[in-house]
Amino acid sequence: MADLSVSGIRRLAKKSGAERISQDALLALRDVAEKFILKISSMATELANHANRKTVQKEDVVKATKMIFESLKLI
């Protein structure tokens with residue numbers, strides 16, 4: 001079951017300039033966003049564990065995101 005709401009995804013799509021978006025496109029965006037968040041969270045948790053911390057901090061999330069983007073050559 002999905003954790004992100006389709007209505008929230010629709011609002012974000014409209015903010016990005018999409019006037020109309022199909023239900024299938026919304027569901028695909030939601031699925032991709034959830035997978036991306038899960039990947040970042042997993043990597044951020046590994047970074048926190050490596051630093052002997054139980055709490056994931058902002059810098060863990062930022063570093064994990066940069067690592068993913070760099071691996072995709074997006075930044």
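Atoms OG and NZ, on Ser71 and Lys39 in that order, are 8.0 Å from each other to the nearest 0.5 Å.
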Table please: side-chain donor-acceptor pairs of residues 16-31 below 3.5 Å, with sequence neighbours left out.
residue, atom, partner, partner atom, Å
Ser16, OG, Ala13, O, 2.6
Ser22, OG, Ala25, N, 3.0

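The stretch residues 5-34 participates, sequence neighbours left out, in no ring-ring contact (aromatic ring centres under 6.0 Å, His included) pair at all. Listed by first and then second residue, the side chain to side chain donor-acceptor pair (under 3.5 Å) pairs involving residues 40-57 are Arg53-Asp60 (not counting sequence neighbours). Residue pairs meeting the ring-ring contact (aromatic ring centres under 6.0 Å, His included) criterion with at least one member in residues 7-31: none, sequence neighbours excluded.
Closest approach of Glu34 to Leu4, counting heavy atoms only: OE2-N, 2.7 Å. Listed here is the closest heavy atom pair of Ala64 and Ala44: CB-N, 3.8 Å.
In this structure, Phe36 is a member of the same hydrophobic cluster as Met67, with clusters built from ILVMFWY side-chain heavy atoms closer than 4.5 Å. Residues Val61 and Leu72 share a hydrophobic cluster, clusters being chains of Ile/Leu/Val/Met/Phe/Trp/Tyr side chains in contact below 4.5 Å. Leu38 and Phe69 are assigned to two separate hydrophobic clusters, defined by single-linkage of ILVMFWY side chains at heavy-atom distances under 4.5 Å.
Every residue meeting the side-chain contact (heavy atoms from CB on, under 4.5 Å) condition with Val62, not counting sequence neighbours, appears here in chain and number order: Lys58, Lys66. Residues that satisfy the side-chain contact (heavy atoms from CB on, under 4.5 Å) test with Lys14, not counting sequence neighbours, are Arg10.
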